[in-house]
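Both backbone and side-chain heavy atoms feed into the values below; hydrogens, waters and symmetry mates do not.
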Amino acid sequence: FMQCGFAMVEAGCVRSKNTKNILLKNILDACIGALVWWLVGYGVAFGGPNDGPFIGVVATGSTESYLMIQQDWAADYEGNGHEYASWFFQFTFAATSATIVSGGVAERCSLSAYLIYSVCL
């Protein structure tokens, strides 16, 4: 709901010719934010002492993983969905932080520059 709210506020604050651009930025914030949060952000935020040489990759012999799908492949994994709920909750705030910036730079920067900034954020 936060993404929809920011999209409506930003669409109301820009000139009508830029409405499509700002709505596209909001959709891309959610989509790209989900991928980047899943690949890198969750491992950075919730990494532990058993991390491997790269963020989100487990050390040899460890059963933990921050690329969450990987642990579901294990035959002995009995997850109750808590990891996914936690991931989704944290993702919404990470994506919202990028969306707040999109309102601040509305009509002021190109789409490619904004996407690069959004991925880094």
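- In this pair, Phe89 and Phe93 present their aromatic rings perpendicular. The plane angle is above 60°, beyond the 30 to 60° band.
- Nearest heavy atoms, Leu23 versus Ala11: CD2-CB, 4.2 Å.
- Separation of atoms OG (Ser110) and CD1 (Ile116) is listed at 8.0 Å; rounding is to 0.5 Å.
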For the pair Tyr114 and Asn21, evaluate side chain to side chain donor-acceptor pair (under 3.5 Å) and give the outcome as yes or no after the intermediate values.
-> CA-CA 11 Å; Tyr114 176 73; Asn21 186 12; over 6 Å; no
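- Within the model, atoms CG of Leu24 and CG of Asn18 stand 12.0 Å from one another, a figure rounded to the nearest 0.5 Å.
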Could you go through the side chain to side chain contact (heavy atoms under 4.5 Å, CB included) check for Trp87 and Trp37 one step at a time?
-> CA-CA 9 Å; Trp87 177 89; Trp37 181 250; 3.0 Å; yes
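- Hydrophobic clustering (side-chain heavy atoms under 4.5 Å, transitive across Ile, Leu, Val, Met, Phe, Trp, Tyr) keeps Leu28 apart from Ile22.
- Checked options Thr19, Thr99, Ile100; the residue passing with Glu10 is Thr99 (criterion: side-chain contact (heavy atoms from CB on, under 4.5 Å)).
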Derivation and outcome, side chain to side chain contact (heavy atoms under 4.5 Å, CB included), residues Cys109 and Lys25 = CA-CA 11 Å; Cys109 73; Lys25 286 180 183 180; 4.3 Å; yes
